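Step one of this worksheet: look at the structure below.
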2 protein chains.
Amino acid sequence: MSVFLSERKSFTTSFLKKSEWTRNAILDSALEFLWSQPFREMTVAKLMTIAGASRPAFYQYFTDLYDLMETLLRKLEVDILETTDPWFDGKGDPVAMLSESQAGLVRIGYDRGPILRAVADASSSDKRLELAWKKFLAAFDDAVVVRIEQQQQQGLIPAFDARSIAIALNRLDTSLLIHAFGRLPRNDPKPVHEALTRIWTSTLYGSGNESRLKTM
Amino acid sequence: MSVFLSERKSFTTSFLKKSEWTRNAILDSALEFLWSQPFREMTVAKLMTIAGASRPAFYQYFTDLYDLMETLLRKLEVDILETTDPWFDGKGDPVAMLSESQAGLVRIGYDRGPILRAVADASSSDKRLELAWKKFLAAFDDAVVVRIEQQQQQGLIPAFDARSIAIALNRLDTSLLIHAFGRLPRNDPKPVHEALTRIWTSTLYGSGNESRLKTM
DNA sequence: TAAAAAAACTGACATCGAGTCAGTTATAGA
DNA sequence: TCTATAACTGACTCGATGTCAGTTTTTTTA
């Protein structure tokens, strides 16, 4: 079960029905696999060898590898929503809240980068998973749009088309997290957090970044 | 050969050696295919049916589908470098130059979106193509870093780690272009251009976007 | 322009991974 | 301990890939 599980809780615990136990063993095996190899190397056979069961047993629990990946995506989703909370619901200084939310995102990206990458990779090969991934991203787009429009009404954020900016900023986050943390060795999280915060902040609040640009 | 070829020059022209002709017919078939279906649906057999030759003939010209996609990537690269020129080499108002370069990028993204998407999709399934794609992006990262550092020395851009911002902004561009134009029907290019320009501009030059945010 | 050389092409084959199923084994509950 | 239910497996089919020996078509050149 290796060192790679150290950063996360294992799915397999004692006192579970055999069926649940095996399902979790498969999920654990998938995580173990994806921490060291890209999704494209994963086959049902390899996975089940790690999990210690026969290949057909896999199909007892998942319809295919993409179905399994969707399960991992759901688990990611929950954790991301949690740590992203401050900017969406917080009451204080919006810049500080934003920085905090981005910090949470970076932390999760760092802790689960290869999984995030694997889901993104896999989603381009399967219609169903692609849809799930798209919805996952769209949910964030919607949340960011709402927050931007709220703060535009308060005069905290200048007037512009909230949706296209929200989409752009969210794409920025996902692709940068995958770029920086999607494979081992992972980048240093600090500059990633700084870059994201700088870009979001200057785009939304225009602060921290006034240029010396006058005429020219 | 269809309507989809209208926006681009066909590879196949007269007076070509048979060998070159067939190779180009395959490339044309790939474009035709990718304008209407995602990469994951593409098989050598389907492609060669469109191209009008036997399946094994494909391997005369390409080692596999990823090799073919790499060829399409090279062609994209050339065109992108062209239209991106203003901000990198221009002399006038940096904000205007930047907006112009982004416009070029958006135009290419719009004209070739599905191809861009197909290359990105395919790159996650193949080591070689993944590397080519990574290098393609890294080349832009480097160019942007150089330009940012130049303008930081001139005092046009505030001091910050140019590389991480460059990487972030480039990831933003690619993923947003693919999101907006990667499949039919494509989005309206105007808000995409506006969003990109707003984000790049406020991040680098801090202009066009001063917030009413004082204390709070 | 016709024959030789070179190139492009093809049918048939081997391989690999996916997904299915009928039949067997193991588990959980009474 | 027995039985019903759930979990598992070996063996199969299928679809796509990549290769090769042999044939056809194109190009060269005499």
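Below, chain A is the first sequence line, B the second, and so on; all start at residue 1. Note that the structure is a prediction, hence the values are computed from the model and not measured.
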(message) Could you check whether any side-chain heavy atom of B:Glu149 comes within less than 4.5 Å of a side-chain heavy atom of B:Gln152, counting everything from C-beta outward?
(response) yes
(request) Compare all side-chain heavy atoms of A:Leu169 with those of B:Ile199 and state whether any distance is below 4.5 angstrom. (result) yes
(message) Looking at A:Lys127, I'd like to know if its NZ atom is crowded, meaning that more than 12 non-hydrogen atoms belonging to other residues, nucleotides or ligands lie closer than 6.0 Å.
(response) no
(message) Given C:dC9, D:dT9, D:dT17, identify the nucleotide with an atom nearest to the side chain of B:Thr43.
(response) D:dT17
(message) From OH of A:Tyr59 over to P of D:dG10, roughly how many Å is that when rounded to an integer?
(response) 15 Å
(message) From C-beta outward on B:Arg55, which listed nucleotide comes closest to its side chain: C:dC13, C:dA8, C:dA18?
(response) C:dC13
(message) In whole Å, I'd like the distance from the CZ atom of A:Arg23 to the C1' atom of D:dC8.
(response) 17 Å
(message) Is there a side-chain contact between B:Tyr61 and the phosphate of C:dC9, meaning an N or O under 4.0 Å from OP1 or OP2?
(response) yes
(message) Taking the minimum atom-to-atom distance to the side chain of A:Val44, which one of C:dA18, C:dT10, D:dT17 wins?
(response) C:dA18
(message) From OH of A:Tyr66 over to C1' of C:dG19, roughly how many Å is that when rounded to an integer?
(response) 13 Å
(message) How about CZ on B:Arg74, more than 12 heavy atoms from neighbouring residues, nucleotides or ligands closer than 6.0 Å, or not?
(response) yes
(request) Send over the distance from A:Glu41 CD to C:dG17 C1', rounded to a whole Å. (result) 13 Å
(request) Measure the distance from CZ on A:Phe62 to C1' on C:dT20 and round it to the nearest whole Å. (result) 18 Å
(message) Tell me if the NZ atom of A:Lys190 is crowded by more than 12 foreign heavy atoms within 6.0 Å.
(response) no
(request) Assert yes or no for the condition that the ring centre distance of A:Tyr66 to A:Phe62 is strictly below 6.0 Å. (result) no
(message) Nearest to the B:Leu65 side chain among D:dT17, D:dT9, C:dT10, which nucleotide is it?
(response) D:dT17
(request) Could you tell me the separation between the CG atom of B:Asp126 and the C1' atom of D:dG18, rounded to a whole number of Å? (result) 14 Å
(message) If the threshold is 4.0 Å, N to carboxylate O, is there a salt bridge linking A:Arg112 and A:Asp79?
(response) yes
(request) Whole angstrom is fine here: how far is it from CD in A:Gln60 over to C1' in C:dC21? (result) 12 Å
(request) Give the angle between the helix axes at the two ends of the helix from C:dT1-D:dA30 to C:dA30-D:dT1, taking five base pairs at each end and rounding to 10°. (result) 20°
(request) Could you check which of C:dC21, C:dT10, C:dA8 has an atom nearest any side-chain atom of A:Pro56? (result) C:dC21
(message) Taking only side-chain N and O atoms of A:Thr22, does any of them lie within less than 4.0 angstrom of OP1 or OP2 on D:dC8?
(response) yes
(message) Measure CZ/A:Arg40 against P/C:dC16 and give the value in whole Å, please.
(response) 19 Å
